[in-house]
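Following: one structure in structure tokens, then a few remarks.
Residue numbering restarts at 1 for every chain, and letters A, B, ... go by the order of the sequence lines.
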Protein chains: 2
Amino acid sequence: MSESLALSASLEDYLEAIFHIAADKKVARSKDISNRLGVNNSSVTGALRALAERGLVNYAPYDLITLTDEGKAVAEDVIRRHEALRDFFVRVLSIDAQTAEEGACKMEHVIPQSILERFIEFVDFVELCPRAGTDWIQKFESFCKGVPDRQLCSECITLVEGKPESKPDEGRERQAGTITLGDLKIGQRARLVKVRGQGEVHKRLIDMGMVPGVVIAVERIAPLGDPIDFKLRGYHLSLRKEEAKLVTVAVLEEGRV
Amino acid sequence: MSESLALSASLEDYLEAIFHIAADKKVARSKDISNRLGVNNSSVTGALRALAERGLVNYAPYDLITLTDEGKAVAEDVIRRHEALRDFFVRVLSIDAQTAEEGACKMEHVIPQSILERFIEFVDFVELCPRAGTDWIQKFESFCKGVPDRQLCSECITLVEGKPESKPDEGRERQAGTITLGDLKIGQRARLVKVRGQGEVHKRLIDMGMVPGVVIAVERIAPLGDPIDFKLRGYHLSLRKEEAKLVTVAVLEEGRV
DNA sequence: GTACTATCTTCGTCACGCCTAACATTGTTG
DNA sequence: CAACAATGTTAGGCGTGACGAAGATAGTAC
Ligand SMILES: [Mn+2]
Ligand SMILES: [Mn+2]
Ligand SMILES: [Mn+2]
Ligand SMILES: [Mn+2]
């Protein structure tokens with residue numbers, strides 16, 4: 001009747017499984033659980049003993065298996081985490097149902113509480129904010145599909161191509177025109193406008209993911225200003241200053257984002 | 001010289017640690033690693049042997065520790081996952097640095113490849129799309145802080161309060177006015193407009209998280225139409241039909257989002 | 001060179017979580 | 001009510017990952 005230490009990922013999955021099976025068939029049998037989790041029957045016995053010791057399931061050998069009230073509460077919490085992650089993956093990131101399900105069921109065991117709450121808020125928010133919403137997610141989808149020939153909204157295209165803004169939004173652009181990757185300081189972030197040069201060098205840069213619209217951050221600059229360590233699309237990338245100068249960019253605002 | 005099976009979460013963390021230590025001090029010593037990971041010195045020896053067996057570290061007893069080329073590549077991949085998650089948490093979800101760091105370092109070991117890529121795309125996208133961007137994230141932040149007195153942009157407020165739209169956007173609202181939670185069908189989603197009633201019942205609904213602007217989905221309806229299972233803010237919630245009728249809502253579009 | 005200290009390894013132990021094989025129970029069915 | 005198949009349990013083993021205690025090594029101090 002006390003949870004003592006936190007449950008292992010494995011035991012959380014057992015609880016989750018029992019809850020779902022019981023929701024269908026009222027009680028769970030060992031076989032149902034082993035089928036659902038794809039483990040050997042004897043593993044289930046072991047898990048049930050561990051869960052019974054913690055007062056989370058009612059279990060006696062050869063008897064039917066049910067969750068205690070406390071077990072039910074814990075199972076519901078696991079399921080909440082599972083569904084929150086899955087919903088975010090499907091609704092916001094447009095991940096396919098199966099991957100979302102599998103990924104959620106792994107991550108649910110390790111995600112910190114405060115991050116989980118934010119995921120949930122985020123899904124709500126995206127559905128509420130009129131600047132976001134359906135439209136916005138569809139744009140995100142086509143944005144993903146468009147790599148490396150990335151499609152942006154017309155407004156973005158304008159921005160990326162460095163034409164002066166007509167909308168009095170904010171000073172999103174510092175100075176359009178001739179800024180290159182070689183001009184950036186550590187910590188600055190920029191959108192790629194164009195890769196100059198030709199032949200081998202040009203091709204090599206493109207192959208590295210240097211396509212218009214991509215966001216690039218300067219991570220580090222070596223003592224003598226060469227080479228420079230960039231990050232784009234999650235990858236680190238080291239360029240000679242000569243190469244960096246071939247890449248025209250539009251600097252993004254400092255600070256967050 | 002062969003990775004054979006996938007590395008365990010623990011071994012990935014060792015690689016990550018060695019990489020970072022080596023980045024600072026050129027070589028790693030056992031002590032550095034045990035300090036960084038908060039683990040006993042003897043555990044490090046064990047891990048190093050396992051990593052050496054897989055050809056990921058150069059290791060001989062009492063000798064200096066370095067990563068092999070393959071080990072370096074694997075470490076870089078782990079770090080990519082770590083940073084992608086962390087950046088998403090910090091830049092998009094506005095999670096504090098430490099929680100983001102810790103959460104990322106747990107989740108990095110279980111996140112499916114395709115979901116990771118989407119996270120990375122997402123951060124890029126948010127920074128690129130003019131309908132999103134800094135503004136949008138700031139709104140998300142105040143949205144989070146505002147629970148339960150949620151602040152929306154003026155446009156959203158209008159929508160939530162059910163006034164007919166003036167902008168010819170889309171038919172986002174089905175029929176404003178008198179739709180309640182009791183009128184929804186399974187799978188439908190709605191924004192909460194107002195909780196009617198008074199006294200105990202009213203208070204109880206508010207306590208359950210029924211505040212204006214929240215998104216509610218109908219998960220299940222019992223055989224005789226009572227009770228109804230809802231989901232809001234990641235929680236499941238079961239209401240009597242009587243109670244559900246007290247909650248005025250605005251239906252969201254069918255399908256995705 | 002010996003002594004001392006910081007560092008590292010070895011060894012024995014434990015807790016998980018899964019497996020297989022052998023054994024036990026249950027409930028059906030002729 | 002046997003005989004049987006289905007289901008569940010036990011025992012024994014393997015791999016991982018951590019720990020502490022005790023012994024080994026390397027580098028510095030005298
Ligand atoms: Mn799971
Ligand atoms: Mn799950
Ligand atoms: Mn980690
Ligand atoms: Mn990490």
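Between the side chains of Thr66(B) and Asn58(B), at least one donor-acceptor pair of N or O atoms lies under 3.5 Å. With 3.5 Å as the limit, one finds no donor-acceptor pair spanning the side chains of Ser34(A) and Asn40(A). Between Thr99(A) and Asp96(A), the side chains place a donor N or O and an acceptor N or O closer than 3.5 Å (distance only, hydrogens not considered).
Regarding Leu7(B), its CG atom lies at a distance of 11 Å from the P atom of dT16(D), rounded to whole Å. Straight-line distance from the CD atom of Glu53(B) to the P atom of dG17(D): 12 Å, rounded to whole Å. Rounded to a whole Å, the NZ atom of Lys31(A) is 13 Å from the P atom of dT9(D). In this structure, Asp63(B) atom CG and dT7(C) atom P are separated by 17 Å, rounded to whole Å. One can place CG of Leu64(A) at 12 Å from C1' of dG8(D), the figure rounded to the nearest angstrom. The distance between atom OH of Tyr59(A) and atom C1' of dT10(D), rounded to the nearest whole Å, is 10 Å. Counting to the nearest Å, the C1' atom of dA18(D) and the CD1 atom of Ile33(B) are 16 Å from each other. In this structure, CG of Asn35(B) is placed 13 Å from C1' of dC8(C), rounded to the nearest angstrom.
When the options Glu101(B), Lys106(B), Glu12(B) are evaluated for a side-chain hydrogen bond (donor to acceptor under 3.5 Å, both in side chains) with His82(B), the one that passes is Glu101(B).
Between Ser8(B) and His109(B), every side-chain heavy-atom pair lies at or beyond the 4.5 Å cut-off.
Close to dC18(C), at under 4.0 Å from its OP1 or OP2, lies a side-chain N or O of Tyr14(A). Within the 4.0 Å cut-off from OP1 or OP2 of dT10(C), not a single side-chain nitrogen or oxygen of Tyr62(B) is found.
Take the nearest nucleotide of DNA chain C for Ser10(A) and for Ser30(B): the residue whose nucleotide is more 5' is Ser30(B).
Distance check, rounded to the nearest 0.5 Å: CD1 of Ile120(A) to CZ of Phe88(A) gives 11.5 Å.
Taking both residues in full, the closest heavy atoms of Glu219(B) and Phe230(B) are given as CG-C, 4.2 Å, listed atom of the first, atom of the second, then distance.
Within residues 38-52 of chain A, the residues that place at least one heavy atom under 4.0 Å from DNA chain D are, in residue-number order, Asn41(A), Ser42(A), Thr45(A), Arg49(A).
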